[in-house]
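Before any comments, here is the structure.
For the numbers below, each heavy atom of this structure counts, side chains included, while hydrogens, waters and symmetry mates do not.
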Amino acid sequence: MSEALPAPAGLLAGITSPDDVKRLSQEQLTVLAAEIRDFLVAKVSRTGGHLGPNLGVVELTLALHRVFDSPQDRLLFDTGHQAYVHKMVTGRQDGFDLLRRQGGLSGYPSRAESEHDLIENSHASTALSYADGLSKAFALRGEDRHVVAVVGDGALTGGMCWEALNNIAAAKNRLVIVVNDNGRSYAPTIGGLADHLSTLRLNPGYEKVLDLVKDALGSTPMVGKPVYEVLHAVKRGIKDAVSPQPMFEDLGLKYVGPVDGHDEQAVESALRRAKGFHAPVIVHVVTRKGYGYRPAEDDEADCLHGPSSAFDVETGKLLAAPSVKWTHVFAEELVALADERPDVVGITAAMAEPTGIAALAKKYPDRAYDVGIAEQHAATSAAGLAMGGLHPVVAVYATFLNRAFDQVLLDVAMHHLPVTFVLDRAGVTGPDGPSHYGIWDMSVFGVVPGLRIAAPRDAATLREELREAVGIDDGPTVVRFPTGSVAADLPALRRVGPVDVLRTDDRHDVLLVAVGAFAALGMEVAERIAEHGYGVTVVDPRWVRPVPVEIAALARSHRLVVTLEDGVRTGGVGDAVAARLRDADVSVPVRDFGVPAGFHPHGTRAQVLAAVGLTAQDVARDVTEHVSGLEESPAESRSTV
Ligand SMILES: Cc1ncc(C[n+]2csc(CCOP(=O)(O)OP(=O)(O)O)c2C)c(N)n1
Ligand SMILES: CC(=O)[C@@H](O)[C@H](O)COP(=O)(O)O
Ligand SMILES: [Mg+2]
């Protein structure tokens, strides 16, 4: 671990609580904002993290903590990736040297870290629903506490937000909704709502005039400044008047804005006005993602939304050598498939670059759809595309498909529709913590009738299984692979049905069923067990749900079956293998290794897997102890594989 950076200097060092922020003058706030940006760049450039979003909410966060009294008043952050400044002003500056690292600061709000934090889930579009419930609770309990929800323009494209707004408007409770409108999710935010928000953003022409006035007055000693302050207030008022907000007001929501989100005084003024409304009110704050750090502002892809590791401060470029990622292999094969199959189309939920759909969009812009942060809609829209004769490939992070279970089950599978869900970041991811781990898919979607799940072990099998999936037209398929660099090719010795045999041993003691990228782990476990004199056959089912019948046949000739999966044990592939053996009257014991169902703290992927016992050493030790305790079965009963 590199040595910690020196403690923050200047004003920032003196900020240990929101009260310290409340005491500052406007001039000091301007200085503090600059120090906070320097701090964010310095720290996140060493750890990785959500730099762009947090650079964009510096003034907003300072204003929030000056106007409201956290934790008496509750500040909620949608997705929560933009809560670093909130953490800095609530006594956690020291934790940033270990941001997103095992035992260190979470990259999202954390109740274990602070009483100022509430929502720990990193899934978007939830904050308004929490806020609806919380404001109702305060009202019912007669508690004089404000609820403030900060929601991004991207998160607003998620359906839950509109379900919440519908209820918030009906409940008419006091509630401040801050729309942090930077015009982006990763890429520019899509859709009718985004277009509407963009019409509300500060009119450059109007703003230009005011900037001219500001400059002119600024150079006029004495009288200039007070006059500008008046103009500033007028500007705020005029904007409110000249841009009435039918959409929000028709919903029964007051609207204040748009406000220049980097003008702390303007934001503070708007928040104080909103605080005074005894009804739901939207404060539309216009910010820039990456504001104040040129490499982020100039990054067209996503304004340095979330550098995954350390980067060069001068350029914003990752320091780690580029490697071939699972995503790259998927993107390349998807485009190749689209070349061959005009019915193949792609869907992303506001993550075209991170999931690889951008590659398809670049070559076939009319065959790639960005639906916004709307995974449920993505699944059912895909069902519609399939009903229309196409084969949609829906590419999302595994964890984000959880929320579309009903759509996959009843809108897609019940209609036996040819939709392929490509789940990137499947398994334990690491730095983003438990709400990002893609560990539920093989259990949750494994129960969907007619749905088939493939788990490739390397680039070659990813290409092969993606093609097989897109070739299946009588029901949905899932292809799931982990985060990071693609695993080294692991060739098969032979194939038994869909099952690849990766390692054989004449002693037939253990059949090790390794799922997807865990094949490499399986091979290492096998070598360790073999050192204790037991023979291990390693197989990769490739298609893991339903479990191929060949697994039962292979198991019959062994004394123990071991399963290894980068997913939860509960209802996982291990359970399904045991059921498959029962159905085939194969009475060989099964020991299943997977992620215990739980919310495992963040760290690197390797650290989190080690923490739950998924290392070659731990698994080999357990299996060796177990197989040594089994009765010897007559060798002749074990056929060759
Ligand atoms: C359900 C869900 N889908 C996708 C993501 C991945 N994701 C994290 S942040 C983000 C963009 C959020 O945009 P916005 O709400 O505008 O916040 P900003 O980063 O612009 O501040 C996305 C798509 C997520 N966290 N949750
Ligand atoms: C906040 C969020 O959901 C994403 O930004 C996520 O952090 C990206 O993860 P990767 O770094 O694995 O793309
Ligand atoms: Mg945004």
Side-chain angles (χ1 to χ4, degrees), residues 49-50 52-58 60-61 63-65 68 70 73-87 106-111 116-135 146-169 175-186 189-191 193-194 197 248 251 253 257 261 267 271 274 280-287 289 302-303 305-306 349-351 371-377 397 399-400 402-403 432-436:
H50 288 99
N54 283 284
L55 288 170
V57 296
V58 174
L60 168 58
T61 308
L64 283 167
H65 279 289
F68 296 96
S70 174
D73 297 334
R74 297 309 320 214
L75 304 184
L76 311 181
F77 294 91
D78 197 291
T79 313
H81 63 307
Q82 77 288 61
Y84 293 6
V85 182
H86 165 76
K87 293 195 174 197
S106 165
Y108 301 91
S110 160
R111 290 171 299 173
H116 292 279
D117 291 6
L118 203 51
I119 303 173
E120 302 182 352
N121 179 14
S122 63
H123 289 202
S125 315
T126 64
L128 297 188
S129 296
Y130 284 104
D132 172 54
L134 202 53
S135 59
H146 288 275
V147 177
V148 184
V150 177
V151 58
D153 57 299
L156 266 185
T157 59
M160 263 181 82
C161 281
W162 296 90
E163 295 166 25
L165 285 173
N166 187 38
N167 283 275
I168 289 166
L175 171 55
V176 177
I177 298 164
V178 178
V179 174
N180 174 34
D181 178 11
N182 54 26
R184 283 175 167 270
S185 285
Y186 282 70
T189 305
I190 63 95
L193 170 78
L197 284 176
F248 291 118
L251 271 174
L253 299 166
V267 176
L271 289 175
V281 55
I282 286 186
V283 180
H284 180 189
V285 178
V286 181
T287 63
K289 202 166 205 175
D302 63 15
C303 297
H305 171 87
M351 298 178 78
V371 298
I373 309 179
E375 287 82 2
Q376 292 172 318
H377 169 73
Y397 287 11
T399 186
F400 300 138
N402 293 349
R403 60 174 44 180
D432 278 301
S435 56
H436 254 72

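- Formation of a donor-acceptor pair under 3.5 Å by the Ser125 side chain with backbone atoms of Ala155 is found in this model.
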Going through the distances and angles, do His81 and Tyr108 end up as a side-chain contact (heavy atoms from CB on, under 4.5 Å)? CA-CA 5 Å; His81 63 307; Tyr108 301 91; 3.8 Å; yes

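- Between Asn121 and Tyr130, some side-chain heavy-atom pair lies under the 4.5 Å cut-off.
- Residue Ser106 holds its OG atom at 11.5 Å from CZ of Arg111, rounded to the nearest 0.5 Å.
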side-chain contact (heavy atoms from CB on, under 4.5 Å), that's the test. Do Ile177 and Ile168 meet it? Break it down for me. CA-CA 10 Å; Ile177 298 164; Ile168 289 166; 4.2 Å; yes

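- With Gln82 contributing its side chain and Gly80 its backbone, the two residues share a donor-acceptor pair below 3.5 Å.
- Distance check: Met351 CE to Phe400 CZ gives 5.5 Å after rounding to the nearest 0.5 Å.
- Of the N and O atoms on the side chains of His436 and His123, not one donor lies less than 3.5 Å from an acceptor on the other residue.
- Of the candidates Val179, Val57, Val283, Leu64, Val150 forms a side chain to side chain contact (heavy atoms under 4.5 Å, CB included) with just one, namely Leu64.
- Side-chain polar atoms of Ser110 and Asp117 form no donor-acceptor pair below 3.5 angstrom.
- The nearest pair of heavy atoms linking Cys303 to Arg184 is SG-NE, 3.3 Å.
- Under 3.5 Å, the side chains of Thr287 and Asn180 contain a donor-acceptor pair of N or O atoms.
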Evaluate side-chain contact (heavy atoms from CB on, under 4.5 Å) for Leu128 paired with Leu165, printing each intermediate quantity in order. CA-CA 7 Å; Leu128 297 188; Leu165 285 173; 3.9 Å; yes

Step by step, work out the side-chain contact (heavy atoms from CB on, under 4.5 Å) result for Val176 and Val147. CA-CA 6 Å; Val176 177; Val147 177; over 6 Å; no

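- Looking at heavy atoms from C-beta onward, Asn54 lies out of side-chain contact with His86 at the 4.5 angstrom threshold.
- At least one side-chain heavy atom of Leu134 sits under 4.5 Å from a side-chain heavy atom of Leu118.
- Leu175 and Ala131 get closest at one heavy-atom pair: CD1-CB, 3.7 Å.
- Between His50 atom NE2 and Asp302 atom CG the span is 9.0 Å, to the nearest 0.5 Å.
- The backbone N or O of Ser185 lies less than 3.5 Å from a partner atom in the side chain of Lys289, making a donor-acceptor pair.
- Interatomic distance, Ile373 CD1 to Asp78 CG, rounded to the nearest 0.5 Å: 8.0 Å.
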Residue pair His116, His65: steps toward the side-chain hydrogen bond (donor to acceptor under 3.5 Å, both in side chains) verdict: CA-CA 11 Å; His116 292 279; His65 279 289; 5.2 Å; no

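- Using a 4.5 Å heavy-atom threshold, the side chains of Leu156 and Cys161 count as touching.
- Contact of the Leu60 side chain with the Val178 side chain is registered, since non-hydrogen atoms from C-beta on lie closer than 4.5 Å.
- The closest donor-acceptor contact from the side chain of Thr399 to the backbone of Ser435 lies under 3.5 Å.
- Between Glu375 and Ala349, the closest heavy-atom pair is OE2-CB, 3.6 Å.
- Contact of the Asp153 side chain with the Asn182 side chain is registered, since non-hydrogen atoms from C-beta on lie closer than 4.5 Å.
- Annotation: the span from His146 atom NE2 to Leu271 atom CG amounts to 11.0 Å, rounded to 0.5 Å.
- Leu253 and Pro280 make their closest contact through CD2-CB, 3.5 Å (heavy atoms, listed as atom of the first residue, atom of the second, distance).
- Proximity of a side-chain donor or acceptor of Thr157 to a complementary backbone N or O of Gly372 within less than 3.5 Å is not detected.
- With contacts defined as side-chain heavy-atom distances shorter than 4.5 Å, the pair Leu251/Trp162 qualifies.
- With a 4.5 Å cut-off on side-chain heavy atoms, Asp181 and His284 count as touching.
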